Amino acid sequence: MLNIKGLEVKLEEEDKQILKGVDLEVEAGSVHAIMGPNGSGKSTLSYVLSGRDGYEVTAGTAMLEGADLLDMDPEERAAAGLFLAFQYPVEIPGVGNMTFLRTAVNAQRVARGQEEMSSADFLKLVRAKAKELQIEPDMLKRSVNVGFSGGEKKRNEILQMAVLEPKMCILDETDSGLDVDAMRLVSDGVNALRDAGRGFLVITHYQRLLDHIVPDVVHIMSDGRIVKSGGPELALEVEKNGYADILNEVA
Amino acid sequence: MARAAIRQQKIDATEERLSGLSLPESGAWGQEAREAALERLRSMGLPHRRDEYWKFTDPGTLTRAEAPPAALLDADEAAVFDDVDAVRVVFVDGVFDPDASSDLTMEGIEIVRLSDAMASDIHWARDLYGVLEARSHENVPRPLAAFNTAFATDGIVIRVTATPSKPVQVKYLRKSERSDAILHHCVKVETGASLTLLESGPAAARFSKGLEVDVADGAQMHLVKTQGRDHERRAVTATFARLGTESVFKAFCLTVNGVLTRNEVVVDLTGDDAVAHVAGACLGDGADFHHDDTVFITHDAQRCESRQVFKKVLRNGATGVFQGKILVKPGAQKTDGYQISQSLLLDEASQFLAKPELEIYADDVACSHGSTSGAIDRDALYYLRARGVPEGIAQDLLTLAFVAEALEEIENEAYAEALRERLAQWLERRRERKQA
């Protein structure tokens, strides 16, 4: 599904190398988790894959189902099936949540050569998904993320994911700012989307999210590289001993 | 240059411009009003870039004898308020067209053509025509408004005695590339009555419009207008409103295109507890686009509220101007005045010039003002694109969001929605043109 080879990335504005050769393959139907200390490059990886500007790829490739992601605009990546659930969802005053979602759904459908969804079908779809995530109808009417609590913003991200049905989902610290109940709601939303045809990359600091979204593979990232990969037990080891032991071990 | 020499030059230029003109034929009171306006104009002189109130906007093409020609827009679209059930008053290149207009009789309202009003003794029109314009020079000279009063060739006078069942729509059509139209309307909203006036259309290659509105005690006036999107047209408009006790005046203007637009709004809050909201949005594209909102609100009574909300979206070297003033006179206690002007600059070549002013002579008032200029929010743009929204559409969504606050000032949601839809269509067409 997602295939990253030797990816090296620096900041455009300053001469600072963030990713120093990332290799990663996420197969369809699997959930991979990336853990790592602050500043290891986890969020940068998610931004570079989704096409945020400000980064320069100096080496390596990133392919989604054989298509070169790095050669596409952000909207093309989304239409190709990539989705990033933001760590900090952006507030957009004046743009209604429903308008935003409908525009996104239809833009992606048009880009894929499909017909636009009718208003009635769209409304039905969103209402059903919103209900599962316990999103109040009022939240759908408001401007995108404006006045939403931290938990509401994250639920709104998962709602977008559920409605857009991407092939490859990247969750960037989706657990940050969530209380236990919200974490369960968000995790249930993600688990409901787990499917043989879909891949997940879950970026997190903490093991606790992985209690809810159980990964197939866990990677440890440090200083711009993936330094160790293993099963879910690797996350438990981090939780117990911190990153220091693992980093010493691979150093 | 010495002041005296500048002044003389101005007088000479004014006399030269006036030498080729004669006052339109009018009945007795009309003639008097025009002559008085001409005197005011002579004493002020036509505006010049050196004048304080014209330093951001060059009035040259507005004052010169010949109107610069403006190509007609070949747009296959209905006028914005055409599907509104309204009494329609149609002007073509500045001339009233009775055939295109609807029947002007309606319960609670009198609508009379200006020339007919001047030919008869309609005292309420006589007491209004040029009167609010003349008062406005007390604070700032507005010579083009005096010019308009003196030389207006057509217009309507409206008296509202109740709340009519429909709004009045004034539609300004344009069929000539060289039309130079001068219109002047008067509206008298009697005690407790209410009127909604809708205006739309490009009017003329060069359009001068004066509108004087007297809103009596407890009366309401809602003005919603759009200025035609013909790219090369020029317009200078002046709206004067006098508000009585507990009256309401709300004005909104949407401008898309036009190489030169100067919209002045002058409001006098003369009765206690009156409310005046003046708002506008403009979308400008191109280095020859220049749009100027100049607003002057005088609080001369207690507990009045005024709001000014202006939003300008500028791209490809377009220029936006905002000059807004709140004057609180001695004794106008408990005044609530608010003013905001904001621009969204879509590139570095575009510019926004703002001059917010407060002048306060009462001690128990709440007045605030703000002005900002900013680029499109990069994070919001990225967020939208990351969800699959193409950059052009994302930018337009953010543009509509930016002007939304000004459109919210329109009290009637149906008209606001009509303008929102029209804006979205305009933006979409622009996108398609760009792609083609």
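All figures in this text were calculated on a predicted structure; none of them were measured in a lab. Each chain gets a letter, A, B and so on, in the order the sequences are listed, and its residues count up from 1.
Remark: A/Y55 OH is packed, more than 12 non-hydrogen atoms of other residues, nucleotides or ligands lying under 6.0 Å away. For CG of A/D138, the number of neighbouring non-hydrogen atoms (other residues, nucleotides, ligands) closer than 6.0 Å is greater than 12. For A/R112, the CZ atom sits in a packed shell: over 12 heavy atoms of surrounding residues, nucleotides or ligands are nearer than 6.0 Å. Counted within 6.0 Å of CD on A/E115, heavy atoms from surrounding residues, nucleotides or ligands total 12 or fewer; the atom is thus considered open.
When all heavy atoms of A/A107 and B/P390 are compared, the closest pair comes out as CB-CD, 3.6 Å. Among all heavy-atom pairs drawn from A/V95 and B/A401, the shortest one is CG2-CB, 3.6 Å.
For chain A, the nearby parts of B/L397 are the backbone and the side chain; heavy atoms of each come within less than 4.5 Å. Heavy atoms closer than 4.5 Å to chain B are found nowhere in A/N106, neither backbone nor side chain. With a threshold of 4.5 angstrom between heavy atoms, A/P166 does not approach chain B through any atom at all. Of the atoms belonging to A/V105, not a single heavy atom falls under 4.5 Å from chain B. At a 4.5 Å heavy-atom cutoff, the contact between B/E391 and chain A is made by backbone and side-chain atoms alike. Looking at A/R52, the atoms closer than 4.5 Å to chain B (heavy atoms on both sides) sit in the backbone and in the side chain alike.
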For this session: Evaluate the criterion ring-ring contact (aromatic ring centres under 6.0 Å, His included) for residue pair A/F100 and B/Y383; output intermediate values, then yes/no.
Result: CA-CA 10 Å; A/F100 161 61; B/Y383 189 68; 5.7 Å; yes

For this session: Kindly indicate, with the supporting measurements, whether the criterion salt bridge (Lys or Arg N to Asp or Glu O under 4.0 Å) is fulfilled by B/R385 and A/E76.
Result: CA-CA 8 Å; B/R385 294 179 74 189; A/E76 292 171 329; over 6 Å; no

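Here the side chains of A/S50 and B/Y382 are in contact, with some heavy-atom distance below 4.5 Å. In this structure, B/I393 and A/E75 have side chains that are not in contact, with every pair of non-hydrogen atoms separated by 4.5 Å or more.
From B/D379, atom CG reaches atom CD of A/E91 across 11.5 Å, with rounding to the nearest 0.5 Å. Note that OG1 of A/T103 is 8.5 Å distant from CG of B/L384, once rounded to the nearest 0.5 Å.
The candidate from A/P74, A/G51, A/S143 with the greatest count of non-hydrogen atom pairs under 4.5 Å with chain B is A/P74.
Only one option out of A/V163, A/L164, A/L101 pairs with B/R387 in a side chain to side chain contact (heavy atoms under 4.5 Å, CB included); it is A/L164.
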